[in-house]
Q: 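The following block contains the structure, expressed as structure tokens.
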Amino acid sequence: MKQEQLNFTFKPMEAFLITIVLLGGIGTAMIFGGVVPHIPIVISIMFLLGLGLVKKVSIKELEQGLTDGAKSGLGSVFIFFFIGMLISSWMASGTIPTFIYLALDVVNGKYFYAIAFVVSSIIGVSVGSSLTTAATIGVAFMSVSTALGLSEALTAGAVISGAFFGDKMSPLSDTTNLASMIVKVDLFEHIKNMAWTTGPAFIISFILFAILSPEEAASDFSKIEILKNTLIEQGYVHWYSLIPFLLLTYLAIKKVSALITLSASVLSALLIGFIVQKDFGIIKMLNLLFYGFKSNSGVKEVDSLLSRGGMESMFFSISLVLLALSMGGLLFKLGIIPSLLEGMKKFLQKVPALIASTAGTAIGINFLLGEQYLSILLTGNTFQESYEKAGLHPKNLSRVLEDAGTVINPLVPWGVCGVFLTEVLGVETIDYLPFTFFCLLSPILTIVYGITGFTITKKGEKTAV
């Protein structure tokens with residue numbers, strides 16, 4: 001986010017203290033008060049406005065900082081709207097339900113942890129939400145694990161690892177879209193570049209879960225059978241339901257713009273939706289693009305898994321993005337972030353230190369604030385200019401934001417994801433943490449790549465070097 005800077009700047013130590021006060025206040029409100037992140041961010045904006053007025057900065061300049069920050073997020077706002085419509089249309093067309101059915105079809109008692117990891121990964125990519133995956137399929141796996149007499153901590157680790165793989169690599173994921181948009185990188189280029197670190201992390205995790213899995217186990221898989229049978233009975237599973245996904249994949253490979261790719265997939269899903277949802281008229285089909293798809297199968301797990309999407313479901317993320325970016329605009333306008341970077345300059349002159357500092361900041365914000373969105377937003381805003389000065393392609397930054405931001409939140413006991421996962425899976429964060437292999441490996445690999453220079457792309461280069 002480039003902005004015209006004022007002559008007035010804070011000293012690095014002053015900027016550091018202001019930042020600590022802001023992050024500490026936001027973190028305290030969220031962790032101990034249970035307040036949604038929007039409110040402490042608004043209060044932080046008020047604080048910064050007051051600070052600017054005390055330092056004789058005109059209200060016009062301060063307002064300009066707010067609007068400049070918000071403007072930088074307009075691209076992500078449009079993408080979020082299209083993602084909401086894509087999810088609901090893919091539900092109606094049976095695209096996501098078909099993927100879920102195919103994933104569940106491979107579940108058996110052999111190599112249980114490895115299968116739980118892979119299935120959770122597939123469903124995570126299909127629905128684009130780690131928490132939804134864990135709260136539905138994850139709960140089913142926990143029940144089967146208990147019946148098999150297997151480790152609940154290991155099962156939870158496998159489910160969470162798979163769910164957050166999906167959260168990272170799905171074009172439907174809000175964090176994936178957020179990371180790409182915050183640094184202005186094409187969504188599909190961002191996902192492709194993440195494969196360099198995500199692929200090895202996935203393979204190593206799969207091998208570890210396979211080694212730790214029992215060779216054979218017998219148990220009642222009735223819950224999973226109920227999910228599969230319900231999807232069939234509701235008429236959601238069809239080969240042609242995969243057409244919207246195949247179209248999206250083809251256009252993405254051809255590097256068609258994200259908005260055109262998403263639009264084509266939404267329209268194709270709507271057309272197929274009229275075949276799958278025989279009682280849906282034009283008005284109902286159009287309304288679900290805004291309100292989301294609602295499943296009424298009568299099976300709680302299935303309805304929870306499929307009732308998603310719509311533009312309306314994106315309002316929470318969109319409002320948080322705009323508020324956080326507005327706060328970032330003020331931080332730039334007041335010279336706070338530039339002063340911080342000035343103080344860190346001697347540590348950021350080399351690429352390895354820059355990558356490591358970015359990862360450390362994203363991890364630190366996760367533990368300080370307990371919020372993965374803010375770890376992406378604040379870290380992305382802070383380091384964007386440094387990557388540009390270092391001659392690095394911005395997709396390096398977006399990859400680190402996901403490797404050290406998105407996947408760390410479930411490992412924080414007081415984090416939004418950590419609290420949620422402990423509640424729905426019934427396993428304490430500290431217990432499943434050692435077995436979330438994918439989440440633990442991702443930041444390690446991204447730092448190692450930064451040190452070695454492997455797949456770190458310079459500006460203007462078409463391939464990683």
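Positions are given from 1, in the same order as the sequence printed here.
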Q: Quick one: pull up CZ in F438 and CZ in F206 and give me the separation to the nearest 0.5 Å.
A: 14.5 Å

Q: Take D403 and T446, measure what side-chain hydrogen bond (donor to acceptor under 3.5 Å, both in side chains) needs, and give me the verdict at the end.
A: CA-CA 7 Å; D403 286 340; T446 207; 3.1 Å; yes

Q: With the side chain counted from C-beta on, respond yes when I408 and S375 share a heavy-atom pair under 4.5 Å apart, and no when they do not.
A: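 No. Closest side-chain heavy atoms not under 4.5 Å.
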
Q: With a cut-off of 6.0 Å (strictly less than), are more than 12 heavy atoms of other residues, nucleotides or ligands near CZ of F202?
A: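 Yes, the 6.0 Å shell around CZ holds more than 12 heavy atoms from other groups.
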
Q: Keeping S265 on the side-chain end and P244 on the backbone end, is there a donor-acceptor pair under 3.5 Å?
A: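 Pair found, side chain donor or acceptor close to backbone of P244.
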
Q: Quick check against the 3.5 Å criterion: does T176 have a side-chain atom that pairs as donor or acceptor with the backbone of D167?
A: yes

Q: Apply side-chain hydrogen bond (donor to acceptor under 3.5 Å, both in side chains) to S307 and K294, showing your working.
A: CA-CA 4 Å; S307 296; K294 308 299 180 187; over 6 Å; no

Q: For a quick test of reading the model, state the closest non-hydrogen atom pair linking L251 to A264 and the distance between them.
A: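 Residues L251 and A264, closest heavy atoms: CD1-CB, 3.7 Å.
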
Q: Taking the ring of F437 and the ring of F209, is the distance between their centroids below 6.0 Å?
A: yes

Q: If you count every heavy atom of other residues, nucleotides or ligands that lies below 6.0 Å from Y250 atom OH, does the total exceed 12?
A: no

Q: Ignoring hydrogens and angles, tell me if any N or O in the side chain of H393 forms a donor-acceptor pair with the backbone of K395 under 3.5 Å.
A: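 At least one qualifying donor-acceptor pair exists.
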
Q: Could you measure the distance from the OG1 atom of T379 to the CG atom of L397? Nearest 0.5 Å is fine.
A: 8.5 Å

Q: Could you tell me whether the side chain of N229 and the main chain of I226 form a donor-acceptor pair under 3.5 Å?
A: no

Q: Between I160 and P410, what is the shortest heavy-atom contact and its length?
A: CG2-CB, 4.0 Å

Q: Check T98 against Y236 and note the closest heavy-atom contact, atom names and distance.
A: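 Minimum heavy-atom contact is OG1-O, 3.3 Å.
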
Q: Is a donor from one side chain sitting under 3.5 angstrom from an acceptor on the other, for S161 and S205?
A: no

Q: Could you check whether any side-chain N or O of S173 sits under 3.5 Å from a backbone N or O of S170, counting only pairs where one atom can act as donor and the other as acceptor?
A: no

Q: Atom CD1 in I365, atom CG in L378: separation rounded to 0.5 Å?
A: 4.5 Å

Q: Testing the 3.5 Å rule here: is there a donor-acceptor pair between the side chains of R399 and T455?
A: yes

Q: Please check if atom CD in E189 has more than 12 non-hydrogen atoms from other residues, nucleotides or ligands closer than 6.0 Å.
A: yes

Q: So, the side chain of S313 versus the backbone of G310: is there a donor-acceptor pair under 3.5 Å, distance only?
A: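 Checking the backbone N and O of G310 against the side chain of S313, a donor-acceptor pair under 3.5 Å is found.
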
Q: Go through the steps to decide whether T429 and T422 satisfy the test side-chain hydrogen bond (donor to acceptor under 3.5 Å, both in side chains), and finish with yes or no.
A: CA-CA 6 Å; T429 308; T422 292; 2.8 Å; yes

Q: Is the backbone N or O of F290 less than 3.5 Å from a side-chain atom of E312, with the two atoms forming a donor-acceptor pair by type?
A: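 Here the side-chain-to-backbone pair does not exist.
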
Q: What's the spacing between L247 CG and L242 CG if we round to 0.5 Å?
A: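 Going from CG on L247 over to CG on L242, the span is 12.5 Å.
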
Q: Does the ring center of F293 lie less than 6.0 Å from the ring center of W90?
A: no

Q: Determine, stepwise, if the pair S319 / H38 fulfils side-chain hydrogen bond (donor to acceptor under 3.5 Å, both in side chains).
A: CA-CA 8 Å; S319 57; H38 302 62; 2.8 Å; yes

Q: Rounded to the nearest 0.5 Å, what separates atom CD1 in I211 from atom OH in Y111?
A: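 Those atoms lie 10.5 Å apart.
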
Q: When you measure from the side chain of D431 to the backbone N and O of A153, does any donor-acceptor pair fall under 3.5 Å?
A: no

Q: Assess whether side-chain contact (heavy atoms from CB on, under 4.5 Å) is satisfied between F81 and I318, documenting all intermediate values.
A: CA-CA 9 Å; F81 280 139; I318 289 171; 3.5 Å; yes

Q: Will you find, in the side chains of Y387 and T358, an N or O donor that is under 3.5 Å from an N or O acceptor?
A: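 Per modelled atom types, Y387 and T358 side chains form a pair under 3.5 Å.
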
Q: Counting heavy atoms not belonging to I430, are there more than 12 under 6.0 Å from its CD1?
A: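 No, because the 6.0 Å sphere around CD1 of I430 holds 12 heavy atoms or fewer from other groups.
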
Q: Could you tell me whether the side chain of T197 and the main chain of M194 form a donor-acceptor pair under 3.5 Å?
A: yes

Q: Over all heavy atoms of both residues, which pair between S88 and G292 is shortest? Give the atoms and the distance, please.
A: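 It is CB-CA, 3.9 Å.
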
Q: Determine yes or no for a side-chain-to-main-chain donor-acceptor pair under 3.5 angstrom, with Q372 supplying the side chain and T406 the backbone.
A: yes

